[in-house]
A.B. asks: 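So that we are looking at the same thing, I have put the structure below in C-alpha coordinates.
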Amino acid sequence: MIAKSPVPGRVKTRLTPPYSPEQAAALAEAALADTLHTLGTVPAGRRLLLLDGAPGGWLPPGWEVLPQPDGGLDVRLADAFAHAPAGAPALLVGMDTPQLRAETLAAPLAAAARCGADAWYGPASDGGFWALGLARPSAELARRLLVGVPMSSPETGRILLERLAANGLAVRRLPELTDVDTAADADQAAAQVPDGRFAARLREIAVARRAGVTG
(Lines give C-alpha, C1' and ligand atoms only; values in the text may rest on other atoms or scores of the structure.)
Protein backbone atom coordinates (compact mmCIF):
# COMPACT_ATOMS: atom_id res chain seq x y z
CA MET A 1 0.00 0.00 0.00
CA ILE A 2 1.19 3.55 -0.73
CA ALA A 3 -0.04 6.45 1.37
CA LYS A 4 0.60 9.84 2.95
CA SER A 5 0.43 10.45 6.66
CA PRO A 6 -2.86 12.27 7.41
CA VAL A 7 -1.42 15.70 8.19
CA PRO A 8 -3.71 18.75 7.79
CA GLY A 9 -2.84 20.73 4.69
CA ARG A 10 -0.93 17.84 3.10
CA VAL A 11 -3.68 15.31 2.34
CA LYS A 12 -7.07 15.48 0.67
CA THR A 13 -6.61 19.14 -0.19
CA ARG A 14 -9.39 18.95 -2.79
CA LEU A 15 -11.82 18.42 0.09
CA THR A 16 -10.99 21.94 1.27
CA PRO A 17 -13.49 23.56 0.93
CA PRO A 18 -16.07 22.56 2.02
CA TYR A 19 -14.10 20.83 4.77
CA SER A 20 -11.36 22.41 6.84
CA PRO A 21 -7.79 21.06 6.48
CA GLU A 22 -8.23 19.34 9.85
CA GLN A 23 -11.47 17.70 8.77
CA ALA A 24 -9.95 16.64 5.46
CA ALA A 25 -7.02 15.07 7.35
CA ALA A 26 -9.44 13.29 9.68
CA LEU A 27 -11.21 11.80 6.67
CA ALA A 28 -7.85 10.81 5.18
CA GLU A 29 -6.92 9.06 8.42
CA ALA A 30 -10.19 7.15 8.43
CA ALA A 31 -9.73 6.15 4.78
CA LEU A 32 -6.22 4.99 5.55
CA ALA A 33 -7.37 2.97 8.57
CA ASP A 34 -10.23 1.37 6.64
CA THR A 35 -7.99 0.39 3.74
CA LEU A 36 -5.28 -1.04 5.98
CA HIS A 37 -7.89 -3.06 7.85
CA THR A 38 -9.41 -4.42 4.63
CA LEU A 39 -6.05 -5.35 3.15
CA GLY A 40 -5.12 -6.97 6.45
CA THR A 41 -7.92 -9.50 5.96
CA VAL A 42 -6.70 -10.51 2.48
CA PRO A 43 -4.17 -13.38 2.54
CA ALA A 44 -0.62 -12.11 1.96
CA GLY A 45 2.89 -13.23 2.69
CA ARG A 46 4.09 -9.70 3.42
CA ARG A 47 2.31 -6.40 4.04
CA LEU A 48 4.22 -3.24 3.15
CA LEU A 49 3.17 0.35 3.68
CA LEU A 50 5.18 2.79 1.57
CA LEU A 51 4.59 5.94 3.59
CA ASP A 52 5.20 9.62 2.97
CA GLY A 53 5.45 10.86 6.54
CA ALA A 54 5.37 9.22 9.95
CA PRO A 55 3.12 6.37 11.09
CA GLY A 56 0.51 7.00 13.75
CA GLY A 57 -2.03 5.22 15.90
CA TRP A 58 -4.00 4.31 12.78
CA LEU A 59 -1.36 1.72 11.81
CA PRO A 60 -2.43 -1.83 12.75
CA PRO A 61 0.08 -4.55 13.66
CA GLY A 62 1.51 -6.74 10.95
CA TRP A 63 2.58 -3.98 8.56
CA GLU A 64 6.15 -3.14 7.64
CA VAL A 65 6.61 0.59 7.01
CA LEU A 66 9.09 1.87 4.45
CA PRO A 67 9.69 5.49 3.38
CA GLN A 68 8.81 6.65 -0.10
CA PRO A 69 11.71 7.89 -2.24
CA ASP A 70 12.01 11.36 -3.69
CA GLY A 71 10.40 11.97 -7.06
CA GLY A 72 6.98 12.14 -8.64
CA LEU A 73 4.16 9.74 -7.94
CA ASP A 74 5.10 7.66 -10.99
CA VAL A 75 8.59 7.10 -9.58
CA ARG A 76 7.26 6.32 -6.10
CA LEU A 77 4.74 3.80 -7.42
CA ALA A 78 7.43 2.06 -9.43
CA ASP A 79 9.73 1.96 -6.41
CA ALA A 80 7.05 0.15 -4.38
CA PHE A 81 7.39 -2.92 -6.59
CA ALA A 82 11.14 -2.97 -6.02
CA HIS A 83 10.38 -4.10 -2.45
CA ALA A 84 8.15 -7.01 -3.51
CA PRO A 85 9.39 -10.47 -2.55
CA ALA A 86 11.14 -12.18 -5.46
CA GLY A 87 8.99 -14.67 -7.32
CA ALA A 88 5.74 -13.73 -5.58
CA PRO A 89 2.85 -11.70 -7.01
CA ALA A 90 2.37 -8.21 -5.57
CA LEU A 91 -0.61 -5.88 -5.47
CA LEU A 92 -0.24 -2.14 -4.91
CA VAL A 93 -3.24 -0.21 -3.54
CA GLY A 94 -3.60 3.45 -2.58
CA MET A 95 -5.40 5.07 0.34
CA ASP A 96 -8.16 6.80 -1.64
CA THR A 97 -10.75 3.99 -1.74
CA PRO A 98 -12.04 3.37 1.81
CA GLN A 99 -15.05 1.58 0.26
CA LEU A 100 -12.79 -1.29 -0.85
CA ARG A 101 -14.03 -4.63 0.47
CA ALA A 102 -11.96 -7.76 0.94
CA GLU A 103 -14.24 -9.76 -1.35
CA THR A 104 -13.38 -7.37 -4.19
CA LEU A 105 -9.87 -8.81 -4.10
CA ALA A 106 -10.37 -12.30 -2.71
CA ALA A 107 -11.83 -14.00 -5.78
CA PRO A 108 -9.68 -12.45 -8.56
CA LEU A 109 -6.48 -12.88 -6.55
CA ALA A 110 -7.15 -16.42 -5.33
CA ALA A 111 -4.54 -18.94 -6.43
CA ALA A 112 -7.00 -20.75 -8.69
CA ALA A 113 -7.89 -17.52 -10.50
CA ARG A 114 -4.34 -16.31 -11.04
CA CYS A 115 -3.52 -18.79 -13.81
CA GLY A 116 -2.70 -16.96 -17.03
CA ALA A 117 -2.69 -13.50 -15.48
CA ASP A 118 0.41 -11.32 -15.63
CA ALA A 119 -1.13 -8.20 -14.12
CA TRP A 120 -4.22 -6.91 -12.36
CA TYR A 121 -5.63 -3.46 -13.02
CA GLY A 122 -8.18 -1.65 -10.84
CA PRO A 123 -9.68 1.27 -12.78
CA ALA A 124 -10.84 4.41 -11.01
CA SER A 125 -13.88 6.31 -12.22
CA ASP A 126 -11.82 9.46 -12.85
CA GLY A 127 -9.63 7.75 -15.47
CA GLY A 128 -6.86 6.72 -13.09
CA PHE A 129 -6.37 3.47 -11.23
CA TRP A 130 -6.76 2.40 -7.61
CA ALA A 131 -4.77 -0.84 -7.81
CA LEU A 132 -2.02 -2.42 -9.88
CA GLY A 133 -0.81 -5.97 -9.45
CA LEU A 134 2.04 -7.84 -11.08
CA ALA A 135 2.39 -11.62 -11.11
CA ARG A 136 6.17 -11.42 -11.44
CA PRO A 137 7.17 -7.98 -10.23
CA SER A 138 10.59 -6.48 -10.66
CA ALA A 139 12.01 -3.00 -10.30
CA GLU A 140 12.85 -2.90 -14.02
CA LEU A 141 9.36 -3.93 -15.15
CA ALA A 142 7.72 -1.48 -12.77
CA ARG A 143 9.84 1.37 -14.12
CA ARG A 144 8.92 0.47 -17.70
CA LEU A 145 5.24 0.45 -16.82
CA LEU A 146 4.98 3.47 -14.56
CA VAL A 147 7.78 6.02 -14.91
CA GLY A 148 6.64 8.81 -17.19
CA VAL A 149 2.93 8.02 -16.93
CA PRO A 150 1.12 11.30 -16.16
CA MET A 151 -0.61 10.96 -12.82
CA SER A 152 -3.92 12.50 -11.70
CA SER A 153 -5.00 12.78 -15.32
CA PRO A 154 -8.06 11.39 -17.16
CA GLU A 155 -5.51 9.65 -19.41
CA THR A 156 -3.55 7.94 -16.64
CA GLY A 157 -5.34 4.60 -16.83
CA ARG A 158 -5.39 4.47 -20.61
CA ILE A 159 -1.65 5.09 -20.85
CA LEU A 160 -0.88 2.50 -18.19
CA LEU A 161 -3.03 -0.09 -19.98
CA GLU A 162 -1.18 0.66 -23.22
CA ARG A 163 2.14 0.07 -21.47
CA LEU A 164 0.90 -3.18 -19.96
CA ALA A 165 -0.11 -4.36 -23.43
CA ALA A 166 3.16 -3.18 -24.99
CA ASN A 167 5.04 -5.31 -22.47
CA GLY A 168 3.03 -8.35 -23.46
CA LEU A 169 1.23 -8.71 -20.14
CA ALA A 170 -2.14 -10.45 -19.87
CA VAL A 171 -4.25 -8.13 -17.72
CA ARG A 172 -7.18 -9.04 -15.48
CA ARG A 173 -9.46 -6.15 -14.55
CA LEU A 174 -10.68 -5.53 -11.02
CA PRO A 175 -13.96 -3.68 -10.37
CA GLU A 176 -14.04 0.06 -10.93
CA LEU A 177 -13.97 2.20 -7.78
CA THR A 178 -14.19 5.93 -7.11
CA ASP A 179 -11.20 7.68 -5.56
CA VAL A 180 -12.19 10.04 -2.77
CA ASP A 181 -11.04 13.41 -4.06
CA THR A 182 -14.12 15.63 -3.62
CA ALA A 183 -16.92 15.99 -1.11
CA ALA A 184 -19.29 14.19 -3.50
CA ASP A 185 -16.80 11.31 -3.75
CA ALA A 186 -16.65 11.14 0.04
CA ASP A 187 -20.44 10.91 0.30
CA GLN A 188 -20.50 8.13 -2.30
CA ALA A 189 -17.77 6.09 -0.63
CA ALA A 190 -19.39 6.42 2.79
CA ALA A 191 -22.75 5.30 1.42
CA GLN A 192 -21.16 2.15 -0.02
CA VAL A 193 -19.64 1.10 3.32
CA PRO A 194 -21.79 2.78 5.98
CA ASP A 195 -20.33 0.69 8.80
CA GLY A 196 -16.71 1.73 8.13
CA ARG A 197 -14.50 4.22 9.92
CA PHE A 198 -14.68 6.60 6.98
CA ALA A 199 -18.46 6.76 7.03
CA ALA A 200 -18.46 7.21 10.81
CA ARG A 201 -15.93 10.04 10.60
CA LEU A 202 -17.95 11.74 7.87
CA ARG A 203 -21.06 11.58 10.06
CA GLU A 204 -19.12 13.04 13.01
CA ILE A 205 -17.89 15.90 10.87
CA ALA A 206 -21.41 16.57 9.57
CA VAL A 207 -22.68 16.83 13.15
CA ALA A 208 -19.81 19.17 14.07
CA ARG A 209 -20.46 21.36 11.05
CA ARG A 210 -24.13 21.68 11.93
CA ALA A 211 -23.05 22.70 15.44
CA GLY A 212 -20.70 25.32 13.99
CA VAL A 213 -17.47 23.51 14.90
CA THR A 214 -14.90 23.71 12.06
CA GLY A 215 -11.81 22.02 13.52
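Counting begins at 1 with the first residue of the sequence. All values below come from the heavy atoms of this structure, side chains included, with hydrogens, waters and symmetry mates left out.
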A.B. asks: Please tell me whether V93 and V149 are part of a single hydrophobic cluster in this structure, the criterion being side-chain heavy atoms less than 4.5 Å apart.
C.D. replies: no
A.B. asks: Before giving the answer on side chain to side chain contact (heavy atoms under 4.5 Å, CB included), spell out for L77 and L145 the whole-Å C-alpha distance, their side-chain angles and the decisive distance to 0.1 Å.
C.D. replies: CA-CA 10 Å; L77 290 173; L145 294 174; over 6 Å; no
A.B. asks: Quick one, L32 and K4 - any side-chain contact, counting heavy atoms below 4.5 Å?
C.D. replies: no
A.B. asks: Determine yes or no for a side-chain-to-main-chain donor-acceptor pair under 3.5 angstrom, with Q99 supplying the side chain and T178 the backbone.
C.D. replies: yes
A.B. asks: Judged by atom type as modelled, is there a donor-acceptor pair below 3.5 Å linking the side chain of T38 to the main-chain atoms of L100?
C.D. replies: yes
A.B. asks: Has the side chain of D34 got a donor or acceptor atom that lies under 3.5 Å from a matching backbone atom of G196?
C.D. replies: no
A.B. asks: Whether the side chain of R201 engages the backbone of A31 through a donor-acceptor N/O pair (distance < 3.5 Å, no angle test) should be reported.
C.D. replies: no
A.B. asks: How close do A119 and L164 get, heavy atom to heavy atom, and via which atoms?
C.D. replies: CB-CD2, 4.0 Å
A.B. asks: Decide whether F198 and W58 are clustered together by the hydrophobic rule: side chain heavy atoms of Ile, Leu, Val, Met, Phe, Trp, Tyr closer than 4.5 Å, transitively.
C.D. replies: no
A.B. asks: Donor-acceptor pair, Q68 side chain versus A3 backbone, under 3.5 Å?
C.D. replies: yes
A.B. asks: Identify the heavy atoms of A90 and F81 that sit nearest to each other, and give their distance.
C.D. replies: O-CE2, 3.9 Å
A.B. asks: Do NZ/NE/NH1/NH2 and the carboxylate oxygens of R143 and E140 come within less than 4.0 Å?
C.D. replies: no
A.B. asks: So, taking the atom named CG in L48 and the one named CE in M1, what distance separates them when rounded to the nearest 0.5 Å?
C.D. replies: 12.5 Å
A.B. asks: Which atom pair, heavy atoms only, marks the closest approach of L202 to A190?
C.D. replies: CD2-CB, 3.7 Å
A.B. asks: Between L15 and A24, what is the shortest heavy-atom contact and its length?
C.D. replies: CB-CB, 4.0 Å
A.B. asks: Between L161 and F129, is any pair of side-chain heavy atoms under 4.5 Å apart?
C.D. replies: no
A.B. asks: Measure the shortest side-chain to side-chain distance between L73 and R76 over non-hydrogen atoms and say whether it is less than 4.5 angstrom.
C.D. replies: yes
A.B. asks: Would you compute the distance between atom CE of M151 and atom CG of L146 and round it to the nearest 0.5 angstrom?
C.D. replies: 5.5 Å
A.B. asks: Mark yes or no for whether R114, through its side chain, and P89, through its backbone, hold a donor-acceptor pair below 3.5 Å.
C.D. replies: no
A.B. asks: Below 4.5 Å, heavy atoms only, C-beta onward: do H37 and R197 meet side chain to side chain?
C.D. replies: yes
A.B. asks: Are L134 and L92 joined in one hydrophobic group, where the rule is that I, L, V, M, F, W and Y side chains link up if heavy atoms are under 4.5 Å apart?
C.D. replies: yes
A.B. asks: Tell me, with the steps shown, if K12 and L27 meet side chain to side chain contact (heavy atoms under 4.5 Å, CB included).
C.D. replies: CA-CA 8 Å; K12 295 295 165 210; L27 288 170; 5.7 Å; no
A.B. asks: Should L174 and L177 be counted in the same cluster of Ile, Leu, Val, Met, Phe, Trp and Tyr side chains packed under 4.5 Å apart?
C.D. replies: yes
A.B. asks: I want to check something: taking the side chain as every heavy atom from C-beta on, are I159 and P150 in contact at a cut-off of under 4.5 Å?
C.D. replies: yes
A.B. asks: Please confirm whether the backbone N or O of A84 pairs with a side-chain atom of R46, one donor and one acceptor, at under 3.5 Å?
C.D. replies: no
A.B. asks: Over all heavy atoms of both residues, which pair between W63 and L59 is shortest? Give the atoms and the distance, please.
C.D. replies: CB-CD1, 3.9 Å
A.B. asks: Are R14 and D185 ion-paired here, with the side-chain N under 4.0 Å from a carboxylate O?
C.D. replies: no
A.B. asks: Mind checking whether R10 and D52 have side chains closer than 4.5 Å, heavy atoms only?
C.D. replies: yes
A.B. asks: Got R209 and Y19 here, is their nearest side-chain heavy-atom distance under 4.5 Å?
C.D. replies: yes
A.B. asks: Give a yes or no answer on whether the side chain of D179 reaches the backbone of D181 with a donor-acceptor pair at less than 3.5 Å.
C.D. replies: no
A.B. asks: Distance-only, no hydrogens or angles: does the S5 side chain make a donor-acceptor pair with backbone N or O of A54 under 3.5 Å?
C.D. replies: yes
A.B. asks: Which pair of heavy atoms, one from V11 and one from A25, lies closest together, and at what distance?
C.D. replies: CG2-CA, 3.9 Å
A.B. asks: Short question: side chain of D74, backbone of V147 - any donor-acceptor pair under 3.5 Å?
C.D. replies: no
A.B. asks: Step by step, work out the side chain to side chain contact (heavy atoms under 4.5 Å, CB included) result for R163 and L169.
C.D. replies: CA-CA 9 Å; R163 290 198 180 189; L169 302 181; over 6 Å; no
A.B. asks: Check whether I2 and L51 end up in the same hydrophobic cluster, where Ile, Leu, Val, Met, Phe, Trp and Tyr are linked by side-chain heavy atoms less than 4.5 Å apart.
C.D. replies: no
A.B. asks: Would you say that V42 contacts L91 through its side chain, given a criterion of any heavy-atom pair below 4.5 Å between the two side chains?
C.D. replies: no
